[in-house]
2 protein chains.
Amino acid sequence: MIYMASHLITKKTRFFKALSDANRLRILKMLQVKPLCVCEITDILQLAASTVSKHLSILKENGFIKEDREGKWVNYKINYGSSDPRIAAVLTSLEFWIADDKIIASDKLKVIKVDRNEVCSR
Amino acid sequence: MIYMASHLITKKTRFFKALSDANRLRILKMLQVKPLCVCEITDILQLAASTVSKHLSILKENGFIKEDREGKWVNYKINYGSSDPRIAAVLTSLEFWIADDKIIASDKLKVIKVDRNEVCSR
DNA sequence: ATATCATTTCGTTATATGGCGAAATATAAA
DNA sequence: TTTATATTTCGCCATATAACGAAATGATAT
């Protein structure tokens, strides 16, 4: 089967694809509360660390988040200073683009309570 | 394998998923020029009519476009009056969200020239 | 009524995506 | 330098997605 390969426009879909996964939206919402390391996110989402790492790399590649190594931890945080105006538009009014619901509210509570020294290194 | 089924947040991804396909973005850009029927879009995108129909149904289900039957043709047009503010935001400034490129410029030219009585019923 | 044309629905197929665990890598601690 | 911890990369598998053609449906024209 021959698939279309219009590279120019395919690049445009990457922005939307990055936002097309429920767990990535949850991650953005959590990072809005405060920066988190991979194992903290892993603990809250209840996914394999490798899966979370992959989600974070997609969000980072697309400019939604930044990473910041701190010793053995890698902290991820919202990239409010993106030069892409679409990303800035989404990030500066996340509530508008991604409404809160019970799951997100619950995630945010967990973000506040999560303790890196407990959930990691178990 | 157990997949997450958080219905509330999965609904959120539908908006972005609808915009995550290159051909659907091309369709939105074409409809921005003027309303088109399925066979006109099929002719410009060079896809099977069934494929185009499916893309249109996804855009319609998500509130990006409206349909309007005119005899044996079904005309599709941009739904500028969406009650979902995110959709309104994207549609009222499509240039901001989906930049034009060579392919889109070429599509738009074809939209201006396309003649329903030629491309359909061949 | 029947034929024709536009569109949608359905069944099939290939690629993309997202999940996991294991192995590899990077840094800190012992 | 060895060990432990955090993260990433890799290979594999299941589901989702997007493509097609054929069949079904809606509407006009003969």
Side-chain angles (χ1 to χ4, degrees), chain A residues 1-6 9-11 13-14 16-27 35-43 45-62 65 67-76 114-122, chain B residues 1-6 9-10 13-14 16-27 35-62 65 67-76 114-122:
Chain A
M1 195 182 306
I2 296 156
Y3 275 75
M4 198 202 62
S6 61
I9 195 158
T10 297
K11 204 159 47 175
T13 65
R14 292 179 59 239
F16 298 111
K17 275 185 199 291
L19 297 171
S20 291
D21 178 84
N23 289 321
R24 286 198 290 275
L25 296 186
R26 289 175 72 186
I27 289 172
L36 296 167
C37 68
V38 179
C39 58
E40 289 172 318
I41 297 171
T42 298
D43 179 69
L45 294 186
Q46 290 289 294
L47 293 173
S50 57
T51 303
V52 170
S53 179
K54 179 65 179 165
H55 282 314
L56 289 166
S57 79
I58 290 169
L59 290 171
K60 192 183 68 167
E61 274 168 27
N62 284 279
I65 61 176
E67 77 173 43
D68 178 16
R69 187 172 268 279
E70 177 192 347
K72 58 183 173 178
W73 291 290
V74 179
N75 294 317
Y76 285 91
V114 72
D115 176 0
R116 175 170 307 191
N117 296 303
E118 268 191 20
V119 298
C120 310
S121 74
R122 118 238 39 147
Chain B
M1 194 181 305
I2 296 156
Y3 274 73
M4 198 200 64
S6 60
I9 195 159
T10 298
T13 65
R14 294 196 332 124
F16 298 110
K17 277 186 198 290
L19 297 171
S20 290
D21 179 84
N23 289 321
R24 286 197 290 275
L25 296 186
R26 289 175 73 186
I27 289 172
L36 295 167
C37 69
V38 179
C39 59
E40 289 172 318
I41 297 170
T42 298
D43 180 69
I44 295 172
L45 294 186
Q46 291 289 294
L47 293 173
S50 58
T51 303
V52 170
S53 179
K54 178 66 178 164
H55 282 314
L56 290 166
S57 80
I58 290 169
L59 289 171
K60 192 183 67 167
E61 273 169 27
N62 284 278
I65 61 177
E67 77 174 42
D68 179 15
R69 188 172 267 279
E70 177 191 345
K72 58 183 174 179
W73 291 290
V74 179
N75 295 318
Y76 286 91
V114 73
D115 176 1
R116 176 170 306 191
N117 296 304
E118 267 191 20
V119 298
C120 311
S121 75
R122 123 232 32 170

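Keep in mind that what you see is a predicted model, and the values were worked out from it rather than measured. Quick note on labels: first sequence line is chain A, next is B, and so on, each numbered from 1.
Among the nucleotides C/dT7, D/dT5, C/dC20, the one closest to any side-chain atom of B/Cys37 is C/dT7. The side chain of A/Asn23 sits closest to C/dG19 out of C/dA6, D/dA18, C/dG19. For A/Lys72, taking side-chain heavy atoms from C-beta onward, the closest of the listed nucleotides C/dT27, D/dG26, D/dT7 is C/dT27. For B/Tyr76, the listed nucleotide lying nearest its side chain is C/dT8; candidates were C/dT8, C/dT7, C/dG19. In the set C/dT7, D/dT7, C/dG18, C/dG18 carries the atom at the smallest distance from any side-chain atom of A/Ile58. Nearest to the side chain of A/Val74, among D/dT8, D/dA18, D/dA19, sits D/dT8. Comparing C/dA28, D/dT8, D/dG26 by their nearest atom to the side chain of B/Arg69 picks out D/dG26.
Nearest heavy atom pair, residue A/Leu19 against residue B/Phe16, reads O-CD1, 3.2 Å.
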inquiry  = The test is side-chain hydrogen bond (donor to acceptor under 3.5 Å, both in side chains); show your working for A/Ser20 and B/Ser20 and say whether it passes.
reply    = CA-CA 8 Å; A/Ser20 291; B/Ser20 290; 2.8 Å; yes
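Residues B/Asp21 and B/His55 form a side-chain contact, since some pair of their non-hydrogen atoms from C-beta on lies under 4.5 Å apart. No side-chain heavy atom of B/Leu36 sits under 4.5 Å from any side-chain heavy atom of B/Asn75. Considering only heavy atoms from C-beta on, B/Ile41 comes within 4.5 Å of B/Leu56 through its side chain.
For DNA chain C, the residues of residues 49-57 of chain A within the heavy-atom distance limit of 4.0 Å (strictly under) are A/Ser50, A/Thr51, A/His55, sorted by number.
B/Arg116 comes within 4.0 angstrom of no nucleic acid atom, judged by non-hydrogen atoms across all strands.
SG distance check for B/Cys37 and B/Cys120: not under 2.5 Å.
For the pair B/Asn75 CG and D/dA27 C1', the interatomic distance rounds to 14 Å; values are reported in whole Å. With rounding to whole Å, A/Asn117 atom CG is found 13 Å from C/dA28 atom C1'. As a whole-Å value, the separation of B/Leu47 CG from D/dT17 C1' is 14 Å. Going from atom CG of A/Asp43 over to atom C1' of D/dA6 covers 14 Å, rounded to whole Å. Distance CG (B/Leu45) to P (D/dC20): 10 Å, rounded to an integer number of Å. What separates CG of A/Leu36 from P of D/dT7 is a distance of 11 Å, to the nearest Å. Atom CZ in A/Arg26 sits roughly 14 Å away from atom C1' in C/dG19 (whole-Å rounding). Rounding to whole angstrom units, NZ of residue A/Lys17 and C1' of C/dT17 are separated by 9 Å.
Between the side chains of B/Asn62 and B/Arg24, no donor-acceptor pair is found at a separation under 3.5 Å.
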